[in-house]
Amino acid sequence: MHDPSAAESANLALLTVQAMRRVDAAAIGSGTSGLTLMQRAGAAVADRALAMGGEKILVLCGPGNNGGDGFVAARLLVDAGRSVELQLLGDRASLAGDAALAAAEWPGPVGRANASLPDCDLVIDALFGAGLSRDLEGNARALVEAVNEAGQPVLSVDVPSGLDGDTGRIRGAAIRAQETVTFVALKPGHLLQPGRSLCGHITLADIGTGPAALGAGLAGAPRLFRNAPGLWTLPALSASSHKYTRGHALVLSGPAFKTGAARLAARGALRVGAGLVTIASPASALPENAAHLTAIMLRPCETADDLDDLLVDDRLNALLLGPGLGTGPATCELVAVAASAGRALVLDADALTSFRSELRTLARHLRDGEARAVLTPHEGEFGRLFSGTEVLAQDLTKPERTARAAHLAGAVVVLKGADTVIAAPDGRIAINDHGSPYLGTAGSGDVLGGLICGLLAQGLEPFEAACAAVWLHGDAGLRHGPGLIAEDIPELMPAVLRDLAPSVS
Ligand SMILES: NC(=O)C1=CN([C@@H]2O[C@H](COP(=O)(O)OP(=O)(O)OC[C@H]3O[C@@H](n4cnc5c(N)ncnc54)[C@H](O)[C@@H]3O)[C@@H](O)[C@H]2O)[C@H](O)CC1
Ligand SMILES: [K+]
């Protein structure tokens, strides 16, 4: 299994804006000057600008080092034969440090940035980056709105101006970029909505700060990662693998006419590689479940006692409860029995809502049973389960909310959405940007629960199982696109897993 610290030196670790500032100092400490960093950053921006095409380029520079990057890029684009107009927001005399040095190298005129934009083929947005500290107002806001209004392609430096690099939130107004070039590491705001949508295509440029400086930036920063292969490792099969070495997942079904969710989940668990999958079904639903199942086994299960009897078989090493069970005391009893069995456990939908405002009870069940649990709420279920706790404080970012929820619940929490966040009680947080809006279809979440359960059955630890399943689920959505229904997702797993196989150890 991957040690996440190994990921921290790859491009999976995310830097907060405050951490980015520490990188500056660390890089300079290692003999790299801030200006060198700026020159490399500006060169990376110029490269992307040339690749985006266009003869007439408008470079909008802000009052700090983001603007400094713009000055460097502008000079290099002139050297490459482009027609470049540079406009500065603020006074040239107020430029300081490396930005002033970069401006001194700019041979051309420096116009005053204003909302009446000159005609151009491409705008380079070097107004604000990691130093944005408040909402844009006045000229700055008017300029950003004018750029969006004009509709020319925009290349943003580090972060689209007006976007908060840590939260992905818009500060008054924010540039809508076609491309963004960022440095050292991605920031959370590059992956969190609406930031993800405003960045367009993101290029992470290597400006030579390397793992040492990255490590300096990470010291003490929250352990934030981009959810991607490398953060987790899928189980590798060996010639001696057989169905009993690949785990046995148990999915609880709802009563008659509420059984589809369990079958979607069970199919997901089987397709992602669990050796055996069983659906535990109330008697009323046995015929309809049986009519739809082939490789998935079926056992009767009416009550919590029946579940207790089933769990005598300790080969059932991963459980999924939730979809279709209905909310109320009976479901709470099933969860209590499942949690006490000390297996890997996925709780979704009704299994979460049944503990509405009863988080402490659920957390106690999980703790007493030493369950290795993954909770998979969408925002509505999250709000119900964590109502009355500090998790719902207004000013928390999505990663902060999820991390606090994981800590309170003593479980991995997958807060689903266009920017699903996965958090573990030990402080690890992963943000997923590998997904598709086509996954917003009935039953899609049921399949995700099954993918997590199937990976848990194969021995992945809860955080990795959750991150991998979210990524696989997203990949299926990206492959299929329009017309996707939940039933398609398990059937897309062979192609998704096949393409990952080279990276699977
Ligand atoms: N850290 C690195 O490794 C590198 C950083 N580079 C670039 O530097 C910027 C960050 O520069 P900084 O001077 O800290 O801030 P900004 O340029 O983003 O902001 C400019 C300045 O603007 C003022 N300000 C903040 N918010 C507002 C607002 N709402 N309205 C008006 N003015 C505002 C504030 O004074 C800021 O200081 C980073 O993004 C990179 O592009 C290097 O060049 C590459 C390596
Ligand atoms: K910018």
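Atoms within each ligand, like the ligands themselves, are counted from 1 in listed order.
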Atom 23 (C) of ligand 1: nearest protein contact (heavy atom, Å): F128 CE2, 4.2 Å
Charged N-O contact under 4.0 Å between R479 and D488: no
Set of residues satisfying ring-ring contact (aromatic ring centres under 6.0 Å, His included) with respect to F386, sequence neighbours excluded: F382
Nearest-neighbour protein heavy atom for atom 9 (C) of ligand 1, which is reported as residue plus atom name and distance: N66 N, 3.6 Å
Protein contact to atom 31 (C) of ligand 1 [nearest heavy atom, distance to 0.1 Å]: R134 NH2, 3.5 Å
D158: numbered ligand 1 atoms lying under 4.0 Å from its heavy atoms: 38 (C), 39 (O), 40 (C), 41 (O)
Atom 43 (O) of ligand 1 - nearest protein heavy atom and its distance: D69 OD1, 2.4 Å
4.0 Å heavy-atom contact, G68 with ligand 1: no
Residue G129 vicinity, atoms of ligand 1 by number, heavy atom under 4.0 Å: 16 (P), 18 (O), 39 (O)
Nearest-neighbour protein heavy atom for atom 26 (N) of ligand 1, which is reported as residue plus atom name and distance: S133 N, 3.0 Å
Residue A41 vicinity, atoms of ligand 1 by number, heavy atom under 4.0 Å: 44 (C)
Minimum non-hydrogen distance to atom 25 (C) of ligand 1, winning option of S94, A102, S161, G131: G131
Top protein contact for atom 4 (C) of ligand 1, by heavy-atom distance: M20 CE, 3.9 Å
Carboxylate-amine/guanidinium contact E379 R401, below 4.0 Å: yes
Side chain to side chain contact (heavy atoms under 4.5 Å, CB included) evaluation trace for L408 with E390: CA-CA 10 Å; L408 275 182; E390 92 269 7; 4.0 Å; yes
Cationic N near anionic O, under 4.0 Å, D121 to K56: no
Per-atom contacts, ligand 1 versus I207 - under 4.0 Å to a heavy atom: 45 (C)
Contact check, G62 vs ligand 1, heavy-atom distance below 4.0 Å: no
Identity and distance of the protein heavy atom lying nearest atom 14 (O) of ligand 1: R21 NH1, 3.2 Å
Side chain to side chain, L143 and L60, heavy atoms closer than 4.5 Å: yes
From R112 atom CZ to N139 atom CG, the distance as rounded to the nearest 0.5 Å: 8.5 Å
Residue and atom name of the nearest protein heavy atom (relative to atom 8 (O) of ligand 1), distance in Å to one decimal: N65 CB, 3.2 Å
N-O pairing of D164 and R134 below 4.0 Å: no
R141 and E145 ion-paired at < 4.0 Å: yes
Atoms in ligand 1 with a heavy atom of G64 nearer than 4.0 Å: 13 (O), 17 (O), 20 (C)
Per-atom contacts of ligand 1 with D135, taking only distances under 4.0 Å to non-hydrogen atoms: 29 (N)
From CA spacing to verdict: salt bridge (Lys or Arg N to Asp or Glu O under 4.0 Å), R428, E461: CA-CA 13 Å; R428 286 175 291 167; E461 61 97 4; 3.0 Å; yes
K187-T16 side chain donor-acceptor pair, cut-off 3.5 Å: no
Nitrogen or oxygen atoms of P63 and ligand 1 under 3.5 Å apart: no
